[in-house]
2 protein chains.
Amino acid sequence: MGVSLKDVAQRAGVSIKTVSNVVNNYQHVTPAMRTKVQQAIDELGYRPNLTARHLRKGRTGIIALAVPEFGNPYFAELAGAVVDAAARHDYTVLVDHTAGLRENELLVSQGFRSHVIDGLILSPIHLETEDLMARTETAPLVLLGEREYEAPYDHIAIDNVAAARDAVRHLLGRGHRRIAFLGSRTGRERQPAHLRLRGWREELAAAGITPDENLVVVTDGYGREDGATGMAALLDRGERPDAVFAYNDLIAIGAMRTITARGLRIPDDIAVVGFDDIEESRYGATTLTTIAPDKEAIARLAVDSLVERLSGQPVAEPRKPRPGYRLIIRESTTPGSAHAHLKDL
Amino acid sequence: MGVSLKDVAQRAGVSIKTVSNVVNNYQHVTPAMRTKVQQAIDELGYRPNLTARHLRKGRTGIIALAVPEFGNPYFAELAGAVVDAAARHDYTVLVDHTAGLRENELLVSQGFRSHVIDGLILSPIHLETEDLMARTETAPLVLLGEREYEAPYDHIAIDNVAAARDAVRHLLGRGHRRIAFLGSRTGRERQPAHLRLRGWREELAAAGITPDENLVVVTDGYGREDGATGMAALLDRGERPDAVFAYNDLIAIGAMRTITARGLRIPDDIAVVGFDDIEESRYGATTLTTIAPDKEAIARLAVDSLVERLSGQPVAEPRKPRPGYRLIIRESTTPGSAHAHLKDL
DNA sequence: TTGAAAGCGCTAACAA
DNA sequence: TTGTTAGCGCTTTCAA
């Protein structure tokens, strides 16, 4: 094995404690002693064994982040933000993906590598409130995302209903009336899209339009392929919408592909709005209007929540902060604007 | 703190060793004893403390993966593959990003959270051979990516020169002659694109074309924005290529945006080939012809290399396996094909 | 087949 | 200011 405190102590001719003091930057160490010890450390190439420190302290300084999949840029970008936010608190992040499987979500929430994780940030898709209530693992858990839970955990999510209403209102303001919702699910899996769908319904109703359930498209998943297939299905069954509000950007991007492939124009024939503001949505042939959740805020709030509970604060009530979001208007809902903002390229 | 082996032993009225035996599925334990102990474990909700186990065993079962950034889908997709490959060996992956900064790459290579990482997979951009030679950290390191190193470490990378030549040959075969290279760098930073640029030069030369250095475009980075700006700069200085070979897909996507914005058609006016085969390249208005490295193979080879060295095998020679790749031909180099394969949508 | 005891490297209480 | 020592929870000889 490597060099231990004992080796350094021997080399420097002092006690272990003194070396430990130096390593941990303790106050009361004479400069002379400090340099002497430091020299021994350098000569031996000593590196503290964090595992031992963890065992001793009962904490590891590692938090886990579990998202459905990295393949979705939204989660990739979010993961980057979480890593940065955690680094500011001297925490390291262990990232895992659940592949959107309930089984994996359960596994992770029940204790990911027991005792090596101080806390967990989880973005669930299929996990249910009862799963959460049955949780025995004691490490703090912070939830992310658009599912609703009646469980005593911190939960960070933008106001999905309000954001969806903003998106739909934007389309209504552009004169669209037959607005489809793309990316719903059925049965147990309908939860994730639930709030956005509610926003769609509410805003339509508020505008005096009866939501047409024929315009709600169920997809198999949340990727580009699902968007393309879903859009094709919608058009094939003769329901020609004049606008589409997609559950997320990937679905919107897939839908745009189908719309264009069918010889229809965006936004003239069909306008499209997405959700997430992944970087990709700014670079298609037609840039995508979308809801942009404040990812940095989400990451920061999640990490701060966790760190606070980790620091042994008196157990506060579960908090549900609402990070901000913005509606970003781009070409997919702006007739005649195609490439306009790129004129100077 | 939690429940320890001792607590379980006490409860079951046996020794610590016996409980340990049960927990670790040792051979020689009487069924009766096993059930008795198991019951105590269940009653107490015992979970082994992995930190303690790690300290004792000197290994943690955690490997680190450091990539430039998750924002690039190539690395996000690769990270997913690495996590899966590692899971098959019962390793957990700690993911970090270096933001493409040499400083961070150095930090990471020198020992990421000393002793909590059994090994490291690093995809460097700016790290130099001498940095690697100066490395003191003893945890095994496996390198990823298109930089070349004269250092005794395993290095997993596809044959970048051959792949680049395939890409350029494809363009030549389509009749293109003025083929630009987009995404070069200058000075210390020119290494990453080096091999692909060499492939570009070699293949042109082999076709009897003198590589025109005016068609080599330097970019500030490797993102979509850089591709868009670089392409604009190329067109602005009056160099109108009939094809572009981009360092990666993101640059290619940015370039396509600029080409279209300038009113030029892809591939009729300018054909485009990328590198990486990120999923996004299959969904633009014009799908992107690209080199598709076998990400699963890369991830598997990297993890296998690491695991082998971790298992204390006699120290083999540094290995440089060559995972496979494929040239995937899509619309951006196929005149008249736009949306062809989506007809049935 | 099971038990007793040492020790992985570190921190923290207590002593000097 | 520095040294001594116990012990975090586990695995692992060595005995029984």
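None of these values were measured; they are calculated from a predicted model. The chains referred to below are lettered A, B, ... by the order of the sequence lines, with proteins before strands, and numbering in each begins at 1.
Considering only side-chain N and O atoms, A/Ser4 lies nowhere under 4.0 angstrom from the phosphate OP1 or OP2 of C/dG9. Between B/Thr30 and C/dT2 there is a side-chain N or O to OP1 or OP2 distance below 4.0 Å. For the pair B/Thr18 and C/dT2, the criterion of a side-chain N or O lying under 4.0 Å from OP1 or OP2 is not met.
As rounded to whole Å, 16 Å separates atom P of D/dG3 from atom NZ of A/Lys6. The interatomic distance linking A/His54 (NE2) with C/dC8 (C1') rounds to 15 Å, in whole Å. Between B/Arg47 atom CZ and D/dG9 atom P the separation is 15 Å, expressed in whole Å. Between the CG atom of A/Leu50 and the P atom of C/dC10 there is a distance of 9 Å, rounded to whole Å.
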Only pairs under 3.5 Å count here: list side-chain donor-acceptor contacts from residues 139-147 of chain A, not counting sequence neighbours, and write none if there are none.
from	atom 1	to	atom 2	distance (Å)
A/Glu146	OE2	A/Tyr247	OH	2.3
A/Arg147	NE	A/Tyr149	OH	3.4
A/Arg147	NH1	A/Ile125	O	2.8
A/Arg147	NH1	A/Leu127	O	3.2
A/Arg147	NH2	A/Leu127	O	3.4

Got a list of side-chain donor-acceptor pairs under 3.5 Å for residues 59-72 of chain A, not counting sequence neighbours?
from	atom 1	to	atom 2	distance (Å)
A/Arg59	NH1	A/Tyr91	OH	2.8
A/Thr60	OG1	A/Ile62	N	3.2
A/Thr60	OG1	A/Val116	O	2.7
A/Thr60	OG1	A/Asp118	OD1	3.3
A/Asn72	OD1	A/Tyr74	N	2.9

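For NZ of A/Lys6, the number of neighbouring non-hydrogen atoms (other residues, nucleotides, ligands) closer than 6.0 Å is 12 at most.
Taking the screw axis at each terminus of the helix from C/dT1-D/dA16 to C/dA16-D/dT1 from five consecutive base pairs, the angle between the two is 40° to within rounding of 10 degrees.
Under the rule for a side chain to side chain donor-acceptor pair (under 3.5 Å), the partners of A/Glu279 that lie at least two apart in sequence or sit in another chain are B/Arg224. Looking at residues two or more places apart in sequence or on another chain, you find no side chain to side chain donor-acceptor pair (under 3.5 Å) involving A/Glu130. Annotation: ring-ring contact (aromatic ring centres under 6.0 Å, His included) contacts of A/Phe75 (sequence neighbours excluded): none.
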N/O-N/O pairs, protein side and nucleotides 11-15 of chain C side, under 3.5 Å:
from	atom 1	to	atom 2	distance (Å)
C/dT11	OP1	A/Arg53	NE	2.6
C/dT11	OP1	A/Arg53	NH2	3.3
C/dT11	OP2	A/Ser20	OG	3.2
C/dT11	OP2	A/Asn24	ND2	3.4
C/dT11	O2	A/Arg56	NH1	2.3

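Legend: ring pair (Phe, Tyr, Trp, His ring centres under 6.0 Å) pairs involving residues 6-59 of chain A, not counting sequence neighbours: none detected. Listed by first and then second residue, the side-chain hydrogen bond (donor to acceptor under 3.5 Å, both in side chains) pairs that reach into residues 77-90 of chain B are A/His97-B/Asp84, B/Glu77-B/Lys295, B/His89-B/Asp304, sequence neighbours excluded.
If you find the closest nucleotide of DNA chain C to B/Val19 and to B/Leu55, the one lying nearer the 5' end belongs to B/Val19.
Of all heavy-atom pairs between B/Arg319 and B/Ser305, the closest is NH2-OG, 3.7 Å.
Candidate nucleotides C/dA4, D/dC10, C/dC10 were compared by shortest atom distance to the side chain of B/Asn49, and D/dC10 ranks first.
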